[in-house]
Amino acid sequence: MRTERRAWSVVRALLTVAVAAFGVASMVPAEVEAQEVGPPNGSLVIVGGAMRSPEIANRFVQLAGGTDARIVVIPTAGGADSYGPSFGGVRPFQAAGVEHLTVRHTNDRDEANSEAFTAAIREATGVWFTGGRQWRLVDSYAGTRTEDELWALLERGGVIGGSSAGATIQGSYLARGDTATNTIMMGSHEEGFGFLRNTAVDQHLLYRNRHFDLLEIIEARPELLGIGIDENTAIVVQGDRFEVIGESYVVIYDNQSTLDSGGLFYFLAPGDQYDLAERQAFRPARTLAPLGRVERRPWPTRRPER
């Protein structure tokens with residue numbers, strides 16, 4: 001289903017270009033750009049955990065339509081058998097003034113394929129994934145009607161967000177996806193939902209001293225972009241660009257970029273922006289300028305430890 005959906009997106013983009021190319025000569029067609037990494041429509045809010053910063057929930061609610069937003073919270077990563085309507089994962093959005101909140105959870109893939117389960121997502125303007133273990137989201141929803149409705153939500157301009165496990169699931173490569181322990185970076189589950197193509201997303205980065213962990217994935221899969229996000233910090237993705245918001249740092253792991261000191265990763269602060277297609281970081285000034293010290297120089301080959 002995912003392959004067919006992405007293939008259709010490519011076909012649709014090509015048809016749009018063709019129509020523009022053969023338009024009436026007096027008309028100036030709008031520029032058409034296929035998104036390379038981020039979703040073509042809609043937004044993503046990807047949080048490194050904790051969610052104690054009201055700014056993050058408020059931005060998500062704003063993107064979902066304000067206090068009239070219809071938000072579905074999916075807590076499946078947490079591992080409990082059931083979650084009631086008073087589940088704590090809805091509180092940040094209640095505090096932001098949202099009244100239309102629905103909790104949806106199942107471990108049954110047949111239920112995840114049902115009309116009754118997916119109806120709320122089809123009516124939603126935003127969907128939020130809470131924390132836990134990201135592989136549980138894969139086992140319950142990957143390849144089901146629920147996942148199709150998530151993509152449809154983005155297509156109609158909605159927003160998908162998540163914290164901790166709900167952040168990592170949005171990448172294409174599922175970091176820490178092993179069912180045995182979350183300390184294994186490349187484990188039994190390696191495919192996320194892929195709302196961000198060709199990426200691996202890690203969370204709780206600095207708070208849990210994880211800032212070297214993504215090196216393992218990027219050295220094994222150098223085509224991927226690694227994005228590490230600390231607690232109470234988020235990236236807000238629209239198209240192929242994201243902005244850092246919150247209280248701490250985001251770390252970039254790009255096999256083709258090295259610091260002038262030889263460092264293999266670098267930090268982005270709140271307010272910084274990043275072009276996912278060009279893999280270029282920007283720090284706001286009077287004009288938006290590239291981040292200093294980052295050079296387009298591939299990582300050196302390192303001998304594996306014995």
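Values reported hereafter were calculated over all heavy atoms of this structure, with side chains retained and with hydrogens, waters and symmetry mates removed. When a residue number appears, it is its place in the shown sequence, counting from 1.
Residue E55 places its CD atom among more than 12 non-hydrogen atoms of other residues, nucleotides or ligands, all under 6.0 Å distant. Heavy atoms from other residues, nucleotides or ligands lying under 6.0 Å from CZ of R122 number more than 12. Heavy-atom neighbours of E278 CD from other residues, nucleotides or ligands within 6.0 Å: at or below the threshold of 12. In the displayed structure, Y249 atom OH is contacted under 6.0 Å by at most 12 heavy atoms of other residues, nucleotides or ligands.
No side-chain N or O of H105 forms a donor-acceptor pair with one of S82 less than 3.5 Å apart. When only modelled atom types and interatomic distance are considered, S261 and R293 share a side-chain donor-acceptor pair under 3.5 Å. A donor atom on one side chain and an acceptor atom on the other are not found under 3.5 Å apart for R279 and S257. Side chains of D139 and H189: a donor on one and an acceptor on the other come within 3.5 Å. No donor-acceptor contact under 3.5 angstrom links the side chains of S53 and N232, judged on distance only. When only modelled atom types and interatomic distance are considered, T118 and E149 share no side-chain donor-acceptor pair under 3.5 Å. Side-chain contact of T76 with Y141: a donor-acceptor pair under 3.5 Å is present, judged by distance alone. For the residue pair E190 and Y173, a side-chain donor N or O sits within less than 3.5 Å of a side-chain acceptor on the partner.
Proximity of S172 to L224: side-chain heavy atoms (C-beta onward) are separated by under 4.5 Å at one or more points. No side-chain heavy atom of Y83 sits under 4.5 Å from any side-chain heavy atom of V73. A heavy-atom distance below 4.5 Å is not found between the side chains of Q170 and L196. In this structure the side chain of D240 never reaches within 4.5 angstrom of the side chain of Y274, judged on heavy atoms. Looking at L259 and E295, their side chains never come closer than 4.5 Å, going by heavy atoms from C-beta outward. In this structure the side chain of L101 reaches within 4.5 angstrom of the side chain of Q94, judged on heavy atoms. Looking only at side-chain heavy atoms (C-beta outward), I217 and M186 come within less than 4.5 Å of each other. No side-chain heavy atom of V251 sits under 4.5 Å from any side-chain heavy atom of L268.
Ionic pairing of R221 and E223 is present here: one or more N-O contacts between side-chain nitrogen and carboxylate oxygen are shorter than 4.0 angstrom. Ion pair E219/R302 flagged as a salt bridge, since at least one NZ, NE, NH1 or NH2 atom sits closer than 4.0 Å to an Asp/Glu carboxylate oxygen. Using a cut-off of 4.0 Å between Lys/Arg side-chain N and Asp/Glu carboxylate O, R297 and D260 are scored as not salt-bridged.
F193 has its ring centre no less than 6.0 Å from the ring centre of W151. A centroid separation of 6.0 Å or more is found between the aromatic rings of Y266 and Y253.
A tilted orientation is assigned to the rings of F60 and F93, their planes being inclined by 30° to 60°.
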Apply the test side-chain contact (heavy atoms from CB on, under 4.5 Å) to residues V159 and V45: give CA-CA distance (whole Å), side-chain angles for both, the deciding distance (0.1 Å), then the verdict.
CA-CA 7 Å; V159 55; V45 178; 4.1 Å; yes
Take W128 and V47, measure what side-chain contact (heavy atoms from CB on, under 4.5 Å) needs, and give me the verdict at the end.
CA-CA 11 Å; W128 185 269; V47 190; 3.6 Å; yes
Let's go through I71 and V98 carefully: what are the C-alpha distance in whole Å and the side-chain angles of both, what is the deciding distance for side-chain contact (heavy atoms from CB on, under 4.5 Å) to 0.1 Å, and is it a yes or a no?
CA-CA 8 Å; I71 294 175; V98 177; 4.1 Å; yes
Pair E231, R52 - check side-chain contact (heavy atoms from CB on, under 4.5 Å), show working.
CA-CA 9 Å; E231 294 187 356; R52 289 187 296 271; 3.9 Å; yes
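Of the inter-residue distances, the one linking L276 atom CG with N198 atom CG reads 10.5 Å to the nearest 0.5 angstrom. Note that the CZ atom of R283 and the CG atom of L291 stand 4.5 Å from one another [nearest 0.5 Å]. Considering CG of D230 and OH of Y207, their distance stands at 10.0 Å, rounded to 0.5 Å. The line from CE of M185 to CZ of R176 is 4.0 Å long, rounded to the nearest 0.5 Å. Atom CZ of F195 sits about 8.5 Å away from atom CG of L153, to the nearest 0.5 Å. Distance CD1/I252 to CG/L214: 10.0 Å, rounded to 0.5 Å.
Using a distance-only test at 3.5 Å, with no hydrogens or angles considered, no donor-acceptor pair links the side chain of D202 to the main chain of G228. A side-chain donor-acceptor contact under 3.5 Å links N113 to the backbone of R145. S164 places no side-chain N or O within 3.5 Å of a backbone atom of G131 that could act as its donor or acceptor partner. Not a single donor-acceptor pair under 3.5 Å links the side chain of R70 to the backbone N or O of A124. The backbone N or O of L264 sits nowhere less than 3.5 Å from a side-chain atom of T258 that would complete a donor-acceptor pair. Judged by distance alone, with hydrogens and angles left aside, the side-chain atoms of T233 form no donor-acceptor pair with the main-chain N or O of I229 at under 3.5 Å. Judged by distance alone, with hydrogens and angles left aside, the side-chain atoms of S114 form a donor-acceptor pair with the main-chain N or O of F117 at under 3.5 Å. Proximity of a side-chain donor or acceptor of R104 to a complementary backbone N or O of I121 within less than 3.5 Å is not detected. When atom types are taken as modelled, the side chain of R210 and the backbone of L205 share no donor-acceptor pair closer than 3.5 angstrom. Counting only distance, with no hydrogens or angles, the side chain of T199 and the backbone of L225 share no donor-acceptor pair below 3.5 Å.
If you chain together ILVMFWY residues whose side-chain heavy atoms come under 4.5 Å of each other, L288 ends up grouped with F282.
In this structure, the side-chain contact (heavy atoms from CB on, under 4.5 Å) partners of T168, at least two apart in sequence or on a different chain, are Q134, L174, A175, Q203.
Both I245 and V61 sit in one connected hydrophobic cluster of ILVMFWY residues. Membership requires side-chain heavy atoms under 4.5 Å apart, directly or through other members.
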